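Start at 1 with the first residue, then count along the sequence. Just so it is clear, the values below take in all heavy atoms, side chains as well, and ignore hydrogens, waters and symmetry mates. Predicted model, so just to flag it, every value in this text is computed and none were measured.
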Amino acid sequence: MKPSSVRLHEARTGRGWSQPRLVRELRQAAAQRGHQLPSDASVKRRIASWENGHSAPDDFYGPLLCDAFSTSAAELGLSHGEVADSALLDAAYPASPDDAIRTVGQLWRADLNQYDPLLTAEPSQPAWNEASLRWLVAPQPSIPQPRTEGARVGLGDVAAIKTTADMFAQLDDQFGGDHARHSVIQYLNNDVAPLLRGRYTEQVGRALFSTVAEATLLAGWMSYDACHHGLAQRYLLQALRFAQDANDRRLAGSILSAMSHQATFMGRYAEAATLARAALMGISPVATPTLRAQFHAMEARALARTGDVAACETALSAATKALESRNNEDEPEWISYFDEAELAAEAAHCFRDVNSARRAVAHAENAMSGSHVRSDFFATMVLADAHLRAGDVEEACRVALDALDLGEQLKSARCTSYLAEFRRNLSAAGRSSAARELAEQAREHRLWIASEQYS
């Protein structure tokens, strides 16, 4: 039987097509499905790689080749049939650990292939509610049945994933989600996916799933920061399933908290509050003070947006009380960033959103960590917006310029959206010499230029 590389070459040359012609046919097939392909040169390199036997078409390109050649996957020697678009776009909580492994692998490959419907998808509102409920009532955690094929996986492999993910997390914190997001997904697809399909004991499997959950949570945060919101939600759903089967309840709660954060950003305040409460309820027996503080803060952020000032202040008070009782030695390493400065930043957001500008200013001034660039940018922009809402335009513009200096190295669509919102509010406040001076001083800053399209 001829290998797929030969069959693909014969399918093309038998029609008298050049590689550039096949690129055009694939682009047309993609357009009919509502997809968008990368550059012609990139697709041409893929075709050459397929025909040379160096790689095989994946779940994204396989169906497009079938469309272009008007033939079946079997006739082209492809080992897979079509993957329905809805399978990738369906934001559903995985039914099993094997389902999570399969789905996250498809997501990683589609992400790397710049599958446009996925990159531009909106989050699913029902998926947030389903995820919290399914996790809360989940049965005993499980890992895949022992395999007889695949690489043997040990705790050393798990440690390597953890160390690599930590490195990417530092880059994300310092330079924004758009800086190394593609590299993170490439690492997960190339190095981690084969380990998930490998052979491991139950002990190693739980450690592997917990570490992959944390790495996939990072992919979700970075995708959220890049404003690929539907994709981010899907990564967080897979991460939650991995954490469930690792029996890592604390990490699962933190993933729900991340979902709450995104839901608030997307204007889904009721869902955001529910997710934060589910996190608190679901890990109550093992919750640490810092985790409780974070969950209360996420609930407060959602409540502030609904205008429920009293409930928001109650949640903030609970967060403050919880954080005061923490013992850093008992906290998971990955929650160590949530400290007094981080809580002050969350409170500043809350008071800004309930139009308590002076209190927002007071909290924002206490929110500068000095070590987390993106968090400090957000806190500084909230401070600028709070000054603006208090009627102090000159100070608002001065602080906004400080934020731009802080954020010069950030590649973050979310940071750009904060700046764009400030510019709209500044414009609504009327013309002023301070605003004109800010525009003049800021015109060469990266984020200012990027925010032009939103202002």
Side-chain angles (χ1 to χ4, degrees), residues 93 123 125-141 210 213-214 217 220-221 224 233 236-237 239-266 268-306 308-328 330-340 342-351 353-354:
Y93 190 63
Q125 182 177 345
W128 281 316
N129 293 328
E130 180 196 16
S132 59
L133 179 60
R134 291 277 299 276
W135 176 73
L136 282 170
V137 301
Q140 288 296 313
S210 180
E214 192 176 341
L217 170 60
W221 272 116
Y224 167 27
Q233 184 192 49
L236 295 177
L237 290 169
L240 184 62
R241 178 71 212 207
F242 284 130
Q244 174 191 322
D245 291 313
N247 200 25
D248 194 337
R249 307 266 324 156
R250 289 174 174 176
L251 180 58
S254 190
I255 294 166
L256 286 173
S257 180
M259 290 182 179
S260 174
H261 197 291
Q262 185 192 22
T264 293
F265 186 84
M266 298 302 295
R268 301 296 187 181
Y269 310 128
E271 289 78 8
T274 297
L275 286 161
R277 291 165 186 153
L280 188 61
M281 178 187 304
I283 74 164
S284 182
V286 295
T288 65
T290 303
L291 284 169
R292 288 200 302 272
Q294 184 190 58
F295 303 159
H296 283 304
M298 289 305 98
E299 182 184 11
R301 285 281 299 271
L303 293 170
R305 286 288 192 170
T306 68
D308 192 338
V309 179
C312 171
E313 291 185 343
T314 297
L316 280 178
S317 178
T320 301
K321 184 177 180 180
L323 198 62
E324 288 173 349
S325 66
R326 80 186 185 281
N327 180 349
N328 288 333
D330 297 331
E331 299 288 345
E333 164 272 326
W334 39 260
I335 196 62
S336 60
Y337 77 94
F338 197 89
D339 54 14
E340 287 82 1
E342 192 72 21
L343 181 55
E346 302 297 351
H349 277 86
C350 291
F351 288 120
D353 294 339
V354 299

Only distances under 3.5 Å count here; give the side-chain donor-acceptor pairs of residues 131-138 to other protein atoms, sequence neighbours excluded, each with its distance to 0.1 Å.
from	atom 1	to	atom 2	distance (Å)
S132	OG	W128	O	3.4
S132	OG	N129	O	3.0
R134	NH1	E130	OE2	2.9

- Message: If only side-chain N and O atoms count, and only distance matters, is there a donor-acceptor pair under 3.5 Å linking Q262 with Q233?
- Response: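 No, because no side-chain N or O of Q233 sits under 3.5 Å from a partner of the opposite role on Q262.
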- Any chance you could lay out the side-chain contact (heavy atoms from CB on, under 4.5 Å) test for I335 and Y337, step after step, and finish with the verdict? CA-CA 5 Å; I335 196 62; Y337 77 94; 4.0 Å; yes
[X] [atom1] to [Y] [atom2] distance, which is reported to the nearest 0.5 Å:
{"X": "S254", "Y": "M298", "atom1": "OG", "atom2": "CE", "answer": "10.0 Å"}
{"X": "S260", "Y": "L236", "atom1": "OG", "atom2": "CG", "answer": "11.5 Å"}
{"X": "L291", "Y": "R249", "atom1": "CG", "atom2": "CZ", "answer": "12.5 Å"}
{"X": "T274", "Y": "L256", "atom1": "OG1", "atom2": "CG", "answer": "11.0 Å"}
{"X": "E346", "Y": "H261", "atom1": "CD", "atom2": "NE2", "answer": "5.0 Å"}
{"X": "N327", "Y": "T290", "atom1": "CG", "atom2": "OG1", "answer": "9.0 Å"}

Is any side-chain heavy atom of [Y] closer than 4.5 Å to one of [X]?
{"X": "P289", "Y": "E331", "answer": "yes"}
{"X": "Q244", "Y": "Y93", "answer": "yes"}
{"X": "T288", "Y": "D330", "answer": "no"}
{"X": "L303", "Y": "T314", "answer": "no"}

Looking at every heavy atom in both [X] and [Y], which two are closest together, and how far apart are they?
{"X": "A302", "Y": "A273", "answer": "CB-N, 3.7 Å"}
{"X": "T264", "Y": "A272", "answer": "OG1-CB, 3.1 Å"}
{"X": "A279", "Y": "G253", "answer": "CB-O, 3.5 Å"}
{"X": "L240", "Y": "A252", "answer": "CD1-O, 3.6 Å"}
{"X": "A304", "Y": "V354", "answer": "O-CG1, 3.7 Å"}
{"X": "R250", "Y": "V286", "answer": "NE-O, 2.7 Å"}

- Taking the side chain from R301 and the backbone from H349, do they hold a donor-acceptor pair closer than 3.5 Å?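 Absent.
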Listing, residues 316-324 side-chain donor-acceptor contacts under 3.5 Å, not counting sequence neighbours, or none:
from	atom 1	to	atom 2	distance (Å)
T320	OG1	L316	O	3.0

- Query: Mind checking what makes salt bridge (Lys or Arg N to Asp or Glu O under 4.0 Å) contact with E313, not counting sequence neighbours?
  - Reply: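 So E313 forms a salt bridge (Lys or Arg N to Asp or Glu O under 4.0 Å) with R359.
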